Amino acid sequence: MICTFKKKLAKVLCGVLVFTQLGTMQAFARPDWPSDTGIEAEAGAVMDVDTGTMLFGQNSHVEYYPASITKILTALVVLEHADLTDTVTYSDKAMNSVEVDSGNKLSLVAGDTMTVEDCLYALLLASVNQAANALAEHVAGSIPDFVDMMNAKISGLGCTESHFANPSGLNNDDQVVTAFDMTKIAAAAYSNPKLLEISSAKSWKVGPTTNNPDGASVRNEHRLVITEDTSSEYYCPEAVAGKTGYLLKAGNTLVTYGEKDGRRVVSVILKGSPRQYFIDGKSLLQFGLNRFQNVDIAENETRYVTGEDQVDVNGTSYAPSDLAIQTGKKITLPKDATFADAELSLGAVPDGAPEGTVGVLNYIYNERKIGSAYLMTKAGAEALAAAEAAGGAETTAAEETSGESTDAADPSADDESTEDEMETMVEAEVTTAADDADNASDQAGSNDVKTGFPAKILLIVIGILVAAAALTGGGIWFMIQNNRKEAEAEALRREKRRQRLVAEGGDAEAEFNRLLEEKRKRNEERRKR
């Protein structure tokens with residue numbers, strides 16, 4: 001009988017234990033991080049601007065050519081170092097560093113002058129490559145020095161996977177970005193009020209130039225931003241600003257900034273296809289805005305700042321009443337998650353932290369960083385809040401932190417437009433062929449969310465093989481890049497492009513030869529002068 005009792009007791013205790021374990025599992029179960037989206041483009045990402053949280057990534061750590069979305073960074077650097085009323089002169093170098101017909105939608109000529117503001121509208125709305133060069137010279141004195149400023153800027157934003165070689169986006173094998181880095185760049189850029197104002201404009205009339213004595217209008221070409229027809233597949237009321245890009249090598253690239261219910265999100269598309277790249281950009285933007293929420297940290301966090309007992313913060317004891325949390329900071333969570341679902345860790349005081357900072361509250365959700373805030377003395381928190389209110393300490397999440405996502409293309413020059421102008425883009429690709437080095441970029445690996453399409457896997461394999469083949473070229477490729485005047489190197493570049501154009505069919509090869517001959521004539525005329 002005693003044995004029977006023990007068996008029954010054991011069953012009861014086992015049942016209690018199972019119930020308790022199930023209850024514990026249910027209590028700590030967190031909603032999955034939304035990932036039920038996808039794009040047809042090879043790569044893309046979407047990020048919350050205010051928290052720096054990467055919401056979704058697809059091949060987001062793989063390098064691609066950016067094309068004209070480069071101009072977003074160019075504009076940001078210019079706005080940080082020039083006055084809008086400054087006068088910019090279009091030099092011979094600015095005009096001739098790219099073919100005269102490449103992106104020159106305003107028919108500019110050497111000697112034309114424009115304000116910085118007009119140049120920025122030409123740059124961001126009409127994607128004028130010559131405006132990028134002229135602005136670069138105005139700000140830094142030379143295009144190479146401006147490129148150094150561009151790379152210094154992205155380094156400060158925490159971008160470690162990208163590199164820029166020119167301010168326009170014209171192809172260069174040293175000019176590559178990842179979708180992950182591009183979201184950081186875009187978040188910083190669209191946190192600049194003037195850049196946001198310019199990029200969201202439908203159109204703008206620039207001042208008079210030689211060929212446009214009465215001025216000329218430029219218009220925004222980002223369909224998600226300008227489409228007002230509610231029945232259109234491009235209608236996206238959340239889209240506020242953005243930039244398009246196109247190169248034969250890069251495919252269609254797109255950056256879109258959107259707002260909804262107080263939240264700000266940026267989406268990036270790399271190596272997209274005509275028309276579809278807008279749909280991809282819209283899908284990621286709306287996914288980021290509709291499937292997540294931002295929760296204020298200071299309004300919800302009670303640890304370290306409540307209670308009577310002393311708290312240890314990085315080896316120092318404080319009374320909770322003496323501490324406060326930086327205001328205005330948020331974390332990004334799935335729509336059906338709560339603040340309590342986020343995991344908290346305390347970090348050390350970083351270099352450059354405001355006075356009064358004693359630690360950093362870092363929040364993780366399903367192994368993904370979703371936001372942070374300074375833990376401060378009350379006096380320090382009040383001083384920081386006052387400085388931010390006065391506009392003296394404005395930073396974006398992309399500048400303070402970098403989120404992590406849990407997640408290749410055929411390696412040519414750029415004119416930038418919608419897909420309806422693709423024939424013009426092919427011409428721009430050809431006209432700049434003789435000026436571009438033809439090195440293949442080394443593609444990085446990725447553990448992003450994959451599309452699972454066999455064709456994309458094949459492209460990645462091909463990309464790796466092309467990169468390996470290019471690398472075996474060793475010193476000769478560097479020699480080509482660094483010394484464009486060598487006739488043999490120039491001939492190799494021309495021949496490779498001619499072979500590619502033959503493969504593409506049509507009249508591309510003949511057009512290439514014609515334009516190349518025109519270039520030779522222009523160079524001879526310059527030498528005679």
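From a predicted model like this one, the values you see are computed outputs, not experimental measurements.
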>> Checking Y257 against V265 for the side-chain contact (heavy atoms from CB on, under 4.5 Å) test, could you report, in this order, the C-alpha distance in whole Å, the side-chain angles of both residues, the deciding distance, and whether it holds?
In response: CA-CA 6 Å; Y257 166 84; V265 163; over 6 Å; no
Counting only N and O atoms by type, is there a donor-acceptor contact under 3.5 Å from the side chain of N151 to the main-chain atoms of H163?
no
Residue set satisfying side-chain hydrogen bond (donor to acceptor under 3.5 Å, both in side chains) with E161, at least two apart, ordered chain then number -> H61, T178
Note: S91 and E137 closest approach over all heavy atoms is OG-OE1, 2.6 Å
Here the gap from E40 atom CD to Q58 atom CD, rounded to the nearest 0.5 Å, amounts to 10.0 Å
- Message: Please check: side-chain N/O of R223 versus main-chain N/O of R275, any donor-acceptor pairing under 3.5 Å?
- Response: no
The reported gap from OH in Y90 to CG in N133 (rounded to nearest 0.5 angstrom) is 9.5 Å
Would you say the side chain of V78 lies within less than 4.5 Å of the side chain of H138, judging by non-hydrogen atoms? no
Salt bridge (Lys or Arg N to Asp or Glu O under 4.0 Å) pairs touching residues 81-96, sequence neighbours excluded, are none
Evaluate the side-chain proximity of L196 to V240: yes if any heavy-atom separation is below 4.5 Å, no if none is. yes
Report task. Check for a donor-acceptor pair, side chain of D280 on one end and backbone N or O of A41 on the other, with a separation under 3.5 Å. Result -> yes
For E117, the salt bridge (Lys or Arg N to Asp or Glu O under 4.0 Å) test, sequence neighbours excluded, returns K194
In this structure, OG1 of T253 is separated from CD1 of I69 (nearest 0.5 Å) by 4.0 Å
Does the Q130 side chain pair with the main chain of L106, one donor and one acceptor, at a distance under 3.5 Å? no
- request: For the residue pair T332 and T51, confirm or rule out a side-chain donor-acceptor distance under 3.5 Å.
  value: yes
M149 and V77 have their tightest heavy-atom pair at CE-CG1, 4.0 Å
d(L170 CG, N129 CG) to nearest 0.5 Å is 4.5 Å
Those residues at least two apart in sequence (or on a different chain) that pass side chain to side chain contact (heavy atoms under 4.5 Å, CB included) with A353 are V349, P350, T357, Y374
Sorted by chain and residue number, the side chain to side chain contact (heavy atoms under 4.5 Å, CB included) partners of A45 (sequence neighbours excluded) come out as M54, S60, A179, T183
Measure from the side-chain N and O atoms of K271 to the backbone N and O of A250, and report whether any donor-acceptor pair falls under 3.5 Å. no
Taken in chain and number order and not counting sequence neighbours, the residues that satisfy side-chain hydrogen bond (donor to acceptor under 3.5 Å, both in side chains) with S267 are none
The side chain to side chain contact (heavy atoms under 4.5 Å, CB included) partners of S155 (sequence neighbours excluded) come to none
When every non-hydrogen atom of C119 is compared with those of M114, the smallest separation belongs to SG-CB, 3.8 Å
Quiz item: Within the side chain of K105, is there an N or O that forms a donor-acceptor pair under 3.5 Å with the backbone of S127?
Solution: no
Query raised in the report: Is K184 reaching over with its side chain to a backbone N or O of G158, donor-acceptor style, under 3.5 angstrom?
Result: yes
S162 meets the side-chain hydrogen bond (donor to acceptor under 3.5 Å, both in side chains) criterion, sequence neighbours left out, with D181
- Item | Under 3.5 Å: donor-acceptor pair, side chain of N192, backbone of A189 | no
Practice prompt. Any chance you could lay out the side-chain contact (heavy atoms from CB on, under 4.5 Å) test for V49 and V266, step after step, and finish with the verdict?
Written response: CA-CA 7 Å; V49 172; V266 288; 3.9 Å; yes
Chi angles and distances behind the side-chain contact (heavy atoms from CB on, under 4.5 Å) call for M182, I72
CA-CA 10 Å; M182 199 65 215; I72 297 171; 4.3 Å; yes
CD1 of I185 to SG of C159, rounded to nearest 0.5 Å, is 4.5 Å
Nearest heavy-atom approach of V268 to L270 is CG1-CG, 4.1 Å
When rounded to the nearest 0.5 Å, the distance separating CG of D174 from CZ of F164 is 12.5 Å
| said: As a quick check of understanding, evaluate side-chain contact (heavy atoms from CB on, under 4.5 Å) for L384 and E388, giving each step before the final call. | reply: CA-CA 6 Å; L384 179 60; E388 290 176 340; 3.9 Å; yes
Check your understanding: Can you check whether N166's main-chain N or O pairs, donor with acceptor, with Q175's side chain at less than 3.5 Å?
Key -> yes
Of all heavy-atom pairs linking C236 and L285, the shortest is SG-CD2, 3.9 Å
In short, A82 meets V116 closest at the heavy-atom pair CB-CG2, 4.3 Å
>> Using modelled atom types and a 3.5 Å cut-off, is there a donor and acceptor pairing between side-chain atoms of N59 and backbone atoms of A43?
In response: no
Taken in chain and number order and not counting sequence neighbours, the residues that satisfy side chain to side chain contact (heavy atoms under 4.5 Å, CB included) with T113 are T87, T89
For Y121, the ring pair (Phe, Tyr, Trp, His ring centres under 6.0 Å) test, sequence neighbours excluded, returns W204
### Task
Check whether any side-chain heavy atom of P167 sits under 4.5 Å from a side-chain heavy atom of L135, and report yes or no.
no
Applying side-chain hydrogen bond (donor to acceptor under 3.5 Å, both in side chains) to T256 and not counting sequence neighbours gives H222
Only one of L123, L124, L120 passes side-chain contact (heavy atoms from CB on, under 4.5 Å) with T74, and that residue is L123
Sorted by chain and residue number, the ring pair (Phe, Tyr, Trp, His ring centres under 6.0 Å) partners of F146 (sequence neighbours excluded) come out as none
